[in-house]
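I have placed the structure first, in the form of structure tokens, so that the comments after it can refer back to it.
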Number of protein chains: 2
Amino acid sequence: MRQEQVMQVSEQRQWDRLMQMAQLGAIPGDGVNRAALSDLDHQSRRLLLSWALPLGLAPSVDALGNLFLRHEGTDPSLPPVLAGSHMDSQPKGGRFDGIWGVLAALEAVQAIREAGIATKRAIEIVAWTNEEGGRFAPGCMGSMAFSGYRPPGTWDDVKDKDGLRFGDELARLLAAEADIPRRPLGFTPFAYVEPHIEQGPLLEAEGLDIGVVTGIQGSRWFLVEIAGKTDHAGTAPLSLRQDAVQDMLRAITALNALTADPEDVLRFTVGRVEVFPNSSNTVADLARFSIDLRHPDAAVLTARGDAVAATVQGAMVKCRATVTETFNALPARFDPMVQDATEAAARRLGLGINRMPSGAFHDAQFLVPLCPSGMIFIPSRGGISHHPAEYSTPGQVANGAAVLAGVLVDLADADPRIPA
Amino acid sequence: MRQEQVMQVSEQRQWDRLMQMAQLGAIPGDGVNRAALSDLDHQSRRLLLSWALPLGLAPSVDALGNLFLRHEGTDPSLPPVLAGSHMDSQPKGGRFDGIWGVLAALEAVQAIREAGIATKRAIEIVAWTNEEGGRFAPGCMGSMAFSGYRPPGTWDDVKDKDGLRFGDELARLLAAEADIPRRPLGFTPFAYVEPHIEQGPLLEAEGLDIGVVTGIQGSRWFLVEIAGKTDHAGTAPLSLRQDAVQDMLRAITALNALTADPEDVLRFTVGRVEVFPNSSNTVADLARFSIDLRHPDAAVLTARGDAVAATVQGAMVKCRATVTETFNALPARFDPMVQDATEAAARRLGLGINRMPSGAFHDAQFLVPLCPSGMIFIPSRGGISHHPAEYSTPGQVANGAAVLAGVLVDLADADPRIPA
């Protein structure tokens, strides 16, 4: 009997869990605002544990707050297969981005256990800390520290809008979860699989069920601060001003020119803008904005990204600019083993697949140097994400969990690869 | 003997009073935070009275809490000359804005009295209630009610950040000052003169001592909201986005062109900018910014201001804009009699003057329809105001008080004007 005939994911159970999670931080229009390390984040982790512990999964948490739930293998000495995603959301996010990947892993593992399938390797569910970067920038802190891409203390002094430090909020989480066994930060999994909504329109447009993700385009993030001089809006002649808003305007205009791409592949976004003192009759002495630059070709991303600081500086007429690179992830290519296992599991279930790159970055990007990694996409209605209207159907999320269950069993039982 | 040779303002006395007042609400960096109708405001009025009453000035207070100190004239039946300003400050304000105008009037009247000069008309010092509007918006409540521009109960329900009502706080002040004679609200002065720091850099830049203020430029304020569509910064192609930040950029660029002024008289400021959801990896679906547009010429202000909405709309490529005018005050012109008296007094003292409009609002604006009105400016270091670093030298404030003394004597003895 094929394993897919034995394993039965529950569409209803998974959907109910998604909707229960969506209550934690619910905002109008079916949205979710659940910031990393917030009280709501604490609550969502407790809710996850309330489902996982009765199944017999063993919890652990590392120094970055990454939460693991272990389904033991027949040979506990082997490195586990890791599967999961993140539980934090954008400030005006939806009910699926991130959280579904964690709940899909739980559903898959539960289906495997209910089917009585024993795997050679353990399977660990993971919930990475602060993938979104909406409260504490940048995102992917948990996976970056786990993989050794950055030392764990790197972001301790990063502050949120209320001036709270990441380091303090992380310590608060760890104190609240003192009852959960602590594990060392980082290990080498046998493989990593991250289920996620597509966050783009392609699967829906093509009527397909599963995206076999080939890789992730590279991303570079910058924070630009432009310092001018405050003045009275009614009195200071424009020629004498050092108006931070006006030099910000020049900088973004110059960056638009730098990043222009007739093929429309490059992604350039200024999504965050803050001005101080932000009073209508006061010339601003500080303007701050973010740059999000992405491209699948490492050479293009490097060339344009390396020119950002000089472009901003060249645009300054009256003010002084500081440009800080806050995030740099080169394009990542996913392992053929994970891609092939995903395609095979989907085909066994009769699902339509497409091999496709990811436009968004994900924690999986940082696992690529560590172990064979990959992602499983399901359709997003209208390609909308990072928005309350984000939606995938109960059947689509069930398909994703079922494919993941197949992939996990395959990988957990796979022969070790012969090093190339 | 010329009166200026008789009248001697005391640089030291005035400076000491300024510095004593600056202790009431002192904040770091030599700043002052003395909100209208606060306990500190009560204390500053008592301090003023402690200097004025021993001189023999007669106090009175009206229903808006405007405080008057009368130096009697030889013909008490004639309308008095009024001089003063306000004693409240911005939340992070300085030691001169407002309060100096009141203390200069006190110093001028004291010099007149000490010189034994009798004037035909009385001179009244005034401290207007709540000019800044920092605690209770809008500002200029005292002068607006005094002049009949608004009925006195207009702002009773306006609340501060702590939920305290203006009406209640005003009643509290009047109760605390029950020992001061109450006078009816409003009268027609012979003239009004308001000494004030320039709040701009021109006098300092030109090495001049006194600004003869020709009027207050007109102001139009707008709020622009640009609505787009949120998208994932990594996935949405730029050609398909409705990016509110990018259309805001186009709108401000177009407004810069609309408001360009080779003579650098027009003031165009975007001081407040807000973007939503304000996340670095999310395309913004809402951008909001303020426009503060000022010009001394009503025709220019009307023409440019009337074109703002169409300019913003014309700049929209992907988004929808809403433009709301939130304030419209046409320019006020000060009376030649007051301007000429100011110039004459300054020249008699050998001071350098410039005729100049005021970029900022002042209580004087609301006196213009009531009586011949004007203002006397002194230099502001670096043009800085509404900031702890606000500064004028002891000599500069002494010059201002000396000129005011000359103007007050001239006006208090002037022949009545023949109605035109």
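Order of the sequence lines fixes the chain letters, A, B, ..., with proteins taken first and strands second; residue numbering starts at 1 for each chain.
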Intermediate values then yes/no, side chain to side chain contact (heavy atoms under 4.5 Å, CB included), Glu198(A) and Thr235(B): CA-CA 9 Å; Glu198(A) 181 196 343; Thr235(B) 57; over 6 Å; no
Could you check which of [options] has the highest count of heavy-atom pairs closer than 4.5 Å to chain A?
options: Gly200(B), Ser219(B), Ser280(B), Pro277(B); result: Ser280(B)
options: Lys92(B), Arg294(B), Gln199(B), His232(B); result: His232(B)
options: Leu240(B), Leu223(B), Val245(B), Val265(B); result: Val245(B)
options: Asp264(B), Ile291(B), Asp243(B), Val273(B); result: Asp264(B)

ring-ring contact (aromatic ring centres under 6.0 Å, His included) partners of Phe289(B), counting only residues at least two apart: none
Trace of the side chain to side chain contact (heavy atoms under 4.5 Å, CB included) decision for Arg241(B) with Thr269(A): CA-CA 10 Å; Arg241(B) 294 181 180 186; Thr269(A) 308; 2.7 Å; yes
Exercise: do Ser279(B) and Gln90(A) side chains pair donor with acceptor under 3.5 Å: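 Side chains of Ser279(B) and Gln90(A): pair found under 3.5 Å.
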Select one option (side chain, backbone, both, neither) describing which atoms of [X] are under 4.5 Å from chain B's heavy atoms.
X: Val283(A); answer: both
X: Gln246(A); answer: side chain
X: Ser358(A); answer: neither
X: Asp97(A); answer: neither
X: Ala360(A); answer: both
X: Thr282(A); answer: backbone

Pairwise distance CG(Leu238(A)) to CG(Asp261(B)) - rounded to 0.5 angstrom: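 Output value for this atom pair is 8.5 Å.
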Spacing of CZ belonging to Arg267(B) relative to CG belonging to Asp231(A), to within rounding of 0.5 Å: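 Arg267(B) atom CZ to Asp231(A) atom CG measures 10.0 Å (nearest 0.5 Å).
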Nearest atoms (heavy-atom pairs only) where Asn281(B) meets Trp221(A):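 Distance-wise, the nearest heavy atoms are CB-CZ2, 3.7 Å.
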Heavy-atom closest contact (Lys229(A) atom, Gly382(B) atom, distance): NZ-O, 3.7 Å
Any donor-acceptor N/O pair, Gln217(B) side chain to Gly234(A) backbone, under 3.5 Å: yes
Exam field: side chain Asp292(B) to backbone Ala233(A), donor-acceptor pair closer than 3.5 Å: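 A pair under 3.5 Å: no.
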Neighbours of chain A found in residues 383-390 of chain B - heavy atoms under 4.5 Å: Gly383(B), Ser385(B), His386(B), His387(B)
[X], part contacting chain A, at a heavy-atom distance under 4.5 Å:
X: Ala236(B); result: backbone
X: Pro201(B); result: side chain
X: Thr253(B); result: both

Within 6.0 Å of NZ in Lys159(A), more than 12 heavy atoms from elsewhere: no
Residue, of Leu249(A), Leu266(A), Val275(A), Val270(A), that accumulates the most heavy atom pairs under 4.5 Å with chain B: Leu249(A)
Most chain B-contacting option - heavy-atom pairs closer than 4.5 Å, from Pro138(A), Ala284(A), Ser239(A): Ser239(A)
